[in-house]
Peer 1: 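Before I ask anything, here is the structure I am working with.
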Amino acid sequence: MRVDLLTDPVEGLAEALDAVDGFDRALVAGLLRPQPGQTEALTGLAAAVAASPLATRVAEAAEKASAGAAGEDHFVALAAARTALLGSAHDALTERVREAVGRPYGDDDRTPAGAGQPVNLLLAARSWLSDLARSGWQGIDHELVGGTAPVVSAMLPDPALRRLAALLDGFAAELAASCPGATLERIPVRRWADLWARALLLTVPGALGTPAVTEVSGRLLPLGVDVQEHATAVQAQVHAVFEPADGGPARLVRASVSAPKPDSVVGAGLWQLLRPHMSLLAALGEGRAMDLDAMPVTGEGDLLWDDARARAGEDAEPFTTARVALPTAIAFPTAPLDRHPARIAVPVLVEGYAVDDTDGLVLDVAGCRVRVDADRVPAAGPLTPEAVAASSACLGLLRWDAGEFLLQPLAVERTVRKKAVAVHAGAWAGGTTDKAGVRAEKAATDAVTVLRERAGRLLRS
């Protein structure tokens, strides 16, 4: 991998992100009575897409919003401009990663999604999101935020609308927890603007189409697992190389499993919640491949996991997979509305580096430095920042955040008594005899037992 390419500036990236940041700041105070600074930000957003097919509609929307007279269609146009700029940033960064890793990418040959959702519910959601833009994050209150409840309730029974309903429900819950907005000391400006713009574009008829799904058979070679934990939920996403049985090119794929969780279950105890839903986790912990038979996969490379269509295969060491199969594995394209710098997560193998830990963890590869995102190392496995600091090879996900590429470790190799020893973030996924892992699992088991007993008493009463 050419690490030097990851540190070179990307032409036009800073300007695109500056335009997005300006618009996001304009949403903080709301667009009901825009001030000069907000008007300048709206003009900057329109100027940033002046050479695109959106130019005319965004220019009109910016003019109306600057006068405090924007309608719902104008807000959709502004959200589209913002999303297009972030999509262009995603594409430019992805192209830079492609050059650095020298790995092919697949073409996006999907057909556009069709319409078919109830328009009245989409318009109701759009109306609420437009009211949010007018009030701004500083103007939110419980009455405004609560306005989405009947819309979400009406959407949830319809599978075609459930994606938007879940987004609106989660967004509204975050806003409700922050009311009143006038008293907020810190506002998640980028996050709330992301959620607002995405939800608004999903109200466009046809945007909520069901992704195309095909079936694949062949061998799945796990690389590692990314664990994302929240107070009430946990998700494990396994990154892997898939080798088709028909001899076609290898592809990069993902398989995810999620589960609700009590806040008392943390660390290695998380695997107890996830294991029953995905046999792949056991194979990952044991260092084995999986043989798939007609497993559904989306056009973005997400396996819709079904244990009935998978069985454990032969031994498959992730570092061997990374050295042999990963360099030629083709990545699936990213859906247009999903093209955002935060979505970049490319499996890579970095070797032959020195570690500098004077100011965080930094890998120095022939004088080129890549910062390690140690905060993403999960507590649910034996991989630690200390293990990364003592390593000589790192298998991880290349991400982009805060203006630079970062490496999220999934596994490392280090030398112990003149032998290479691998340490994996998902080593405990299928169970463990490691003392620390056993203690964490026992604590989680005790916590779950107590919660089940309490829930049983409540149900009986």
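Just so it is clear, the structure is predicted and the values come from calculations on it, not from any experiment.
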Peer 1: Looking at every non-hydrogen atom in both residues, tell me the closest pair between A268 and W428 and how far apart they are.
Peer 2: CB-CE3, 3.6 Å

Peer 1: What I'd like to find out is whether the side chain of V227 reaches to under 4.5 Å of the side chain of L274, using heavy atoms alone.
Peer 2: no

Peer 1: When you measure from the side chain of Q38 to the backbone of Q35, do you find a donor-acceptor pair of N or O atoms at a distance under 3.5 Å?
Peer 2: yes

Peer 1: For the side chain of R275 and the backbone of A282, is there at least one donor-acceptor N/O pair under 3.5 Å apart?
Peer 2: no

Peer 1: Determine, stepwise, if the pair L349 / L223 fulfils side-chain contact (heavy atoms from CB on, under 4.5 Å).
Peer 2: CA-CA 10 Å; L349 175 65; L223 292 167; over 6 Å; no

Peer 1: Start with the C-alpha gap between V257 and L280, add the side-chain angles, then the distance that decides, and say whether side-chain contact (heavy atoms from CB on, under 4.5 Å) holds.
Peer 2: CA-CA 10 Å; V257 58; L280 177 58; over 6 Å; no

Peer 1: Do Q408 side-chain atoms and R399 backbone N/O form a donor-acceptor pair below 3.5 Å?
Peer 2: no

Peer 1: Could you grab the distance from atom NE2 of H74 to atom CD of E63, nearest 0.5 Å is fine?
Peer 2: 9.0 Å

Peer 1: With D73, which of R57, R126, K64 fulfils salt bridge (Lys or Arg N to Asp or Glu O under 4.0 Å)?
Peer 2: R126

Peer 1: State, yes or no, whether a side-chain contact exists between L164 and L122 at a heavy-atom distance under 4.5 Å.
Peer 2: yes

Peer 1: Answer yes or no: is there a donor N or O on one side and an acceptor on the other, between the side chain of D307 and the main chain of S279, under 3.5 Å?
Peer 2: yes

Peer 1: Restricting to non-hydrogen atoms, name the atom on S153 and the atom on P157 that form the minimum distance, rounded to 0.1 Å.
Peer 2: O-CD, 3.2 Å

Peer 1: Of the non-hydrogen atoms in A19 and L85, which two are nearest, and what is the gap between them?
Peer 2: CB-CD1, 3.9 Å

Peer 1: I need the minimum non-hydrogen distance between P150 and G146, along with the two atoms involved.
Peer 2: CD-O, 3.9 Å

Peer 1: Can you tell me if T148 uses its side chain to pair, donor with acceptor, with the backbone of V145 under 3.5 Å?
Peer 2: no

Peer 1: Could R82 and D24 be called an ion pair, given the rule that one side-chain N must be under 4.0 Å from one carboxylate O?
Peer 2: yes

Peer 1: Step by step, would you call L13 with W400 a side-chain contact (heavy atoms from CB on, under 4.5 Å)?
Peer 2: CA-CA 12 Å; L13 178 64; W400 192 87; 3.8 Å; yes

Peer 1: If we check side-chain contact (heavy atoms from CB on, under 4.5 Å) with L202, which of these qualifies: L337, L168, L129, L161?
Peer 2: L337

Peer 1: Any sub-3.5 Å donor-acceptor pair from R103's side-chain atoms to V97's backbone N or O?
Peer 2: no

Peer 1: Parallel, tilted or perpendicular, judged at 30° and 60°: which one describes the rings of W196 and F23?
Peer 2: tilted

Peer 1: Take R376 and D401 through the salt bridge (Lys or Arg N to Asp or Glu O under 4.0 Å) test and state the conclusion after the steps.
Peer 2: CA-CA 12 Å; R376 285 184 178 266; D401 189 25; 5.9 Å; no

Peer 1: Backbone N or O of A294 within a donor-acceptor pair of the R309 side chain at under 3.5 Å?
Peer 2: yes

Peer 1: Enter the distance from R190:CZ to I187:CD1 here, rounded to the nearest 0.5 Å.
Peer 2: 15.0 Å

Peer 1: Show the numbers, then the answer: is there a side-chain contact (heavy atoms from CB on, under 4.5 Å) between L200 and F75?
Peer 2: CA-CA 8 Å; L200 199 52; F75 287 123; 3.8 Å; yes

Peer 1: What verdict does the side chain to side chain donor-acceptor pair (under 3.5 Å) test give for H239 and Q237, after you've listed the backbone C-alpha separation in whole Å, the side-chain angles of each residue and the deciding distance to 0.1 Å?
Peer 2: CA-CA 6 Å; H239 291 259; Q237 185 175 71; 3.3 Å; yes

Peer 1: Would a distance-only check, ignoring hydrogens and angles, find a side-chain to backbone donor-acceptor pair under 3.5 Å from W137 to R25?
Peer 2: no

Peer 1: Can you tell me how far apart SG (C368) and CG (L363) are? Round to the nearest 0.5 Å.
Peer 2: 12.0 Å

Peer 1: Any chance you could lay out the salt bridge (Lys or Arg N to Asp or Glu O under 4.0 Å) test for R163 and D158, step after step, and finish with the verdict?
Peer 2: CA-CA 10 Å; R163 178 184 177 194; D158 187 345; over 6 Å; no

Peer 1: Around atom CZ of R191, are there more than 12 heavy atoms of other residues, nucleotides or ligands at under 6.0 Å?
Peer 2: no

Peer 1: Return yes if some donor-acceptor pair links the side-chain N/O of R254 with the main-chain N/O of G301 below 3.5 Å, else return no.
Peer 2: no

Peer 1: Kindly indicate whether the side chain of L397, heavy atoms from C-beta on, has any atom under 4.5 Å from the side chain of L410.
Peer 2: yes

Peer 1: Do D373 and L361 make a side-chain contact, defined as non-hydrogen atoms from C-beta onward lying under 4.5 Å apart?
Peer 2: no

Peer 1: Is it the case that more than 12 heavy atoms not belonging to E40 sit under 6.0 Å from its CD atom?
Peer 2: no

Peer 1: If the threshold is 4.0 Å, N to carboxylate O, is there a salt bridge linking D338 and R198?
Peer 2: yes

Peer 1: Side-chain contact, heavy-atom cut-off 4.5 Å: L175 with L132?
Peer 2: yes

Peer 1: So V362 and V372, do their side chains get closer than 4.5 Å, heavy atoms only?
Peer 2: no

Peer 1: Is any side-chain heavy atom of F405 closer than 4.5 Å to one of V348?
Peer 2: no

Peer 1: To the nearest 0.5 Å, what is the distance between OG (S258) and NE2 (H277)?
Peer 2: 9.5 Å

Peer 1: How close do A335 and E300 get, heavy atom to heavy atom, and via which atoms?
Peer 2: N-OE1, 3.0 Å

Peer 1: Within this structure, what is the CD1-CG distance for the pair I330 and L252, rounded to the nearest 0.5 Å?
Peer 2: 9.0 Å

Peer 1: Is any side-chain heavy atom of T214 less than 4.5 Å from a side-chain heavy atom of V297?
Peer 2: yes

Peer 1: Working to the nearest 0.5 angstrom, can you tell me the gap between D91 CG and I344 CD1?
Peer 2: 9.0 Å

Peer 1: Determine the minimum heavy-atom distance between A283 and M290, stating which atoms define it.
Peer 2: CB-SD, 3.4 Å

